[in-house]
Amino acid sequence: MDAQQPTNIPSPTPHAAPGPERPDAASDEGAVPHDALVAARREKLRRHREELGLEPYGVRVDGIEPLAGARARFDESAHAQHEAAAAAAKAGAGAAPAAQTEDPRARVRVAGRVVQHRDLGKLVFAWLRDHSGDLQVSISRVAVDESGFALAKALDYGDIVVAEGPIGRTQRGEVCVWADRLELHSKSLEPPPAKWHGLADPELRYRHRYVDLFANPEVIRVAQLRSAMVSFIRRWMDGRGFLEVETPMLQPIAGGAAARPFVTHHNALGIPLFMRVSPELYLKRLLVGGLPRVYEINRNFRNEGIDRSHNPEFTMMEAYEAFGDCFSMMELTESLLHDLAGFMAEERARQGFAPTAPAAAHAPGVRRGGPVLPFGELAIDWSRPFERVTYADLFERALGFPMTDFAKARAAAAARRIEAAKLDDWFVVNELFESVAEPLIDRARPTFVLEFPSAISPLTRPNRRRPEIADRWDLFVGGMEIGPAYSELNDPDIQRAKFTEQLRGKDAEEESTYRSLDEDFLHALRVGMPPAGGLGLGIDRIAMLLTDSPSIRDVVLFPLMRPRG
RNA sequence: GAUCGCGUAGCUCAGUCGGUAGAGCAUCCGCCUUUUAAGCGGUUGGUCCUGGGUUCGAUUCCCAGCGCGAUCACCA
């Protein structure tokens, strides 16, 4: 907000003790150790101000370059030239220190957080870290002024500093900035995590992500990779002629999926509102309005459990294409994910991740050498075409009888202690499918499961020849469901019947709270929606797969945590 | 919501078959102009998650609670 403010506004009362200085810390019957560590840092803060005349909280600094960029400007011959000149000057000691030839080494100005600090007496080494990596700064007593050197000796792990000087290297070959200026721009007052082990406690990592980000650099890399991934998807979709739109997050009726919504309230209108569980019904309204290709990448909110692949708010891409169907969306999805995986393999290499496992690591001779990316123990082969299997085939392979044999299905469900008594036949089949058939899918290969039963696909158009089958697929990768696609149902009468049927199964309380018929959506269908293909992709899960992150919490910067009292 | 596991110094972790605890790093003091998890000498630091029970005595055993993790359930 005020980051653009270049004016150097002096802090109002630099020497006044800030309010919550807790002068009672010492009297608090034996200083608690955490407070002792903080007190030591506050004492340094005081000394910086009162004895060195430094203001430990800085202002705008221009011309800072990333540490990786500064490192890249190291030049061995310039360094050698400088060393030779220095040696010559030393040999001719006593002679005039004239010959003040230009230092051939590049000058850099860098900023970063101190992550290592070694004080050798008259020489201090400090490692800085920023988003691009780490770089050493060497501060020699003879190269900086008195307060700068006093600051160098007093640096704490976590302080944010700006250093300036020629880029060279040490006798051990470490590229570093030989600082002739050193400034403190933010004094860190909290004890940092261990410098070598980083921050390991998952609870602290998520609750204090800002610490996690600098203590565990791979967290920043994952965030950068995710950002690159989403940018790529947008470019790719734009290139295919899709228009990115934004539709309501606050909805009077939570439609488009059967998840439990978060409920809120609008005061001025005096109405309940729901955080959306899906943008589907709004994006389809845009098809009705005449936008032929739309997509949205945004958050959905589902009031459900939390686990490694579920966060209550998560990012979804939905896309709709007029006059397409689930097979045009299959082509789109396969192309997008294949290209995306290739892009991410390059990005990972660019950011210094180990090269990905070769395709030969599995199923020799079978694959076409498309991008292969590691995901835990798996090497996921994203080469085209992805695998395709029908729901019915997978079911029969897993269970040994056709899915239409409901009697056997009920028996099998009972044998597996699946609560099936209250379920309709097709839902019994689906329970079996999810528990027995899904695990048969090759986790190392993206796999489209085709021809889902119509009965469990309320928004999908039934197949023309076989109405019990829906024109729908679900994509599975790495053991996770990545998303479905439909040939969208655009017959308003069938849609009404399916909605009504869906509502009938719910108990009265649920229905009155958040399940009601979206009459306006049905109105839109009566106005007329072109036939269309629709797609939903779980962006977080794709990010997990392409950044080799085992938990959704590794790809969501601030996952939901229970607040701590 | 269920089951299992975990919770010890700022961080990473040992340990106590029940007798109120240790290490490394960090902190603080001293030494060192080329360190690479720097080194050397010294120093400080604990509600052993919380509450209750058993016991002469509980960080340890038991019960309950809180938080986190894993698995499951929920999530068409």
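Letters go in sequence order (proteins before strands), and every chain restarts at 1.
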**Item:** base_contact_polar (B:C75 base, A:His310 side chain, donor-acceptor, <3.5 Å)
**Value:** yes
**Asked** Picking from B:A73, B:A37, B:U34, which would you name as closest to the side chain of A:Gln116?
**Response** B:A37
**Message:** In this structure, how many angstroms lie between the P atom of B:A70 and the CD1 atom of A:Ile552, rounded?
**Reply:** 12 Å
**Fill in**
Considering only heavy side-chain atoms of A:Met561, the closest of B:C11, B:C68, B:U34 is B:C68
**Request:** With C1' as the reference atom in both, quote the distance from B:G22 to B:U44 in angstrom, rounded to an integer.
**Result:** 15 Å
**Prompt:** So what does A:Asn430 hit on the nucleic acid, given a heavy-atom distance under 4.0 Å: a base, only sugar-phosphate, or nothing?
**Reply:** sugar-phosphate
**Item:** d(CZ, A:Arg308; P, B:A73) in whole Å
**Value:** 14 Å
**Asked** Out of B:U34, B:U71, B:G67, which nucleotide sits closest to the side chain of A:Arg207?
**Response** B:G67
**Message:** What's A:Trp178 touching, base or sugar-phosphate or nothing? Going by heavy atoms closer than 4.0 Å.
**Reply:** base
**Item:** Pairing residues for A:His208 by the ring pair (Phe, Tyr, Trp, His ring centres under 6.0 Å) criterion, not counting sequence neighbours
**Value:** A:Tyr210
**Prompt:** Considering only B:U33, B:A76, B:U12, which nucleotide approaches the side chain of A:Ala258 most closely?
**Reply:** B:A76
**Message:** Applying side-chain contact (heavy atoms from CB on, under 4.5 Å) to A:Val428 and A:Phe406, what does each step give before you reach the verdict?
**Reply:** CA-CA 8 Å; A:Val428 175; A:Phe406 297 138; over 6 Å; no
**Request:** Determine: side-chain N/O of A:Arg562 to OP1/OP2 of B:G67, distance under 4.0 Å, yes or no.
**Result:** yes
**Fill in**
Here the gap from A:Leu475 atom CG to A:Met329 atom CE, rounded to the nearest 0.5 Å, amounts to 12.5 Å
**Request:** Identify whether the distance between the nearest side-chain nitrogen and carboxylate oxygen of A:Arg46 and A:Glu43 falls below 4.0 Å.
**Result:** yes
**Asked** From B:A76, B:U34, B:C13, pick the nucleotide closest to the side chain of A:Gln171?
**Response** B:U34
**Message:** Among B:U71, B:U33, B:C74, which nucleotide has an atom closest to any side-chain atom of A:Arg141?
**Reply:** B:U33
**Message:** So A:Glu304, base contact, sugar-phosphate only, or nothing? Heavy-atom distance under 4.0 Å.
**Reply:** base
**Asked** Rounded to the nearest Å, what distance is computed from the CD1 atom of residue A:Ile306 to the P atom of nucleotide B:C75?
**Response** 16 Å
**Request:** Evaluate the side-chain proximity of A:Leu184 to A:Leu54: yes if any heavy-atom separation is below 4.5 Å, no if none is.
**Result:** no
**Prompt:** Closest to the A:Glu174 side chain: B:C68, B:U36, B:A37?
**Reply:** B:U36
**Request:** Determine the Euclidean distance between corresponding P atoms of B:C48 and B:A58; express it in Å to zero decimal places.
**Result:** 12 Å
**Request:** To the nearest Å, give me how far apart CG (A:Leu123) and C1' (B:U36) are.
**Result:** 13 Å
**Asked** Does the separation of the ring centres of A:Phe452 and A:Tyr391 fall below 6.0 angstrom?
**Response** yes
**Minimal non-hydrogen separation, A:Ala215 against A:Pro193, with atom names** = CB-CG, 3.7 Å
**Message:** With side-chain contact (heavy atoms from CB on, under 4.5 Å) as the criterion, how do A:Arg472 and A:Ile456 come out once you've worked through the C-alpha distance, each side chain's angles and the decisive distance to 0.1 Å?
**Reply:** CA-CA 11 Å; A:Arg472 162 190 174 183; A:Ile456 59 169; 4.3 Å; yes
Please enumerate all protein N or O atoms sitting under 3.5 Å from an N or O of nucleotides 39-43 of chain B, with distances to 0.1 Å.
none

**Message:** What's the closest nucleotide to the side chain of A:Ala259 if the choices are B:C13, B:C75, B:C68?
**Reply:** B:C75
**Prompt:** Given B:U34, B:U71, B:U12, which nucleotide is nearest the side-chain atoms of A:Phe125?
**Reply:** B:U34
**Prompt:** If you look at every strand shown and take non-hydrogen atoms under 4.0 Å, does A:Pro484 touch a base, only sugar-phosphate, or nothing?
**Reply:** nothing
**Item:** NZ/NE/NH1/NH2 to OD/OE distance under 4.0 Å, A:Arg276 and A:Glu313
**Value:** no
**Asked** For A:Val142, which contact category applies under a 4.0 Å heavy-atom criterion: base, sugar-phosphate, or nothing?
**Response** base
**Item:** Rounded interatomic separation in angstrom, taking CD from A:Glu431 and C1' from B:A73
**Value:** 11 Å
Is there any protein nitrogen or oxygen under 3.5 Å from a nitrogen or oxygen in nucleotides 25-27 of chain B, and what are the pairs?
residue, atom, partner, partner atom, Å
B:A26, OP1, A:Lys195, NZ, 3.0

**Request:** Using only heavy-atom distances, decide whether a donor-acceptor pair under 3.5 angstrom links the side-chain of A:Thr170 to the base of B:U36.
**Result:** yes
**Request:** Using the P atom as the reference point in each nucleotide, state the distance between B:U43 and B:U55 in Å, no decimals.
**Result:** 43 Å
**Request:** Return the orientation label for the A:Phe499 and A:Phe521 ring planes: parallel under 30°, perpendicular over 60°, tilted otherwise.
**Result:** tilted
**Prompt:** Taking atom P in both B:G15 and B:G7, what distance in whole Å separates the two?
**Reply:** 10 Å
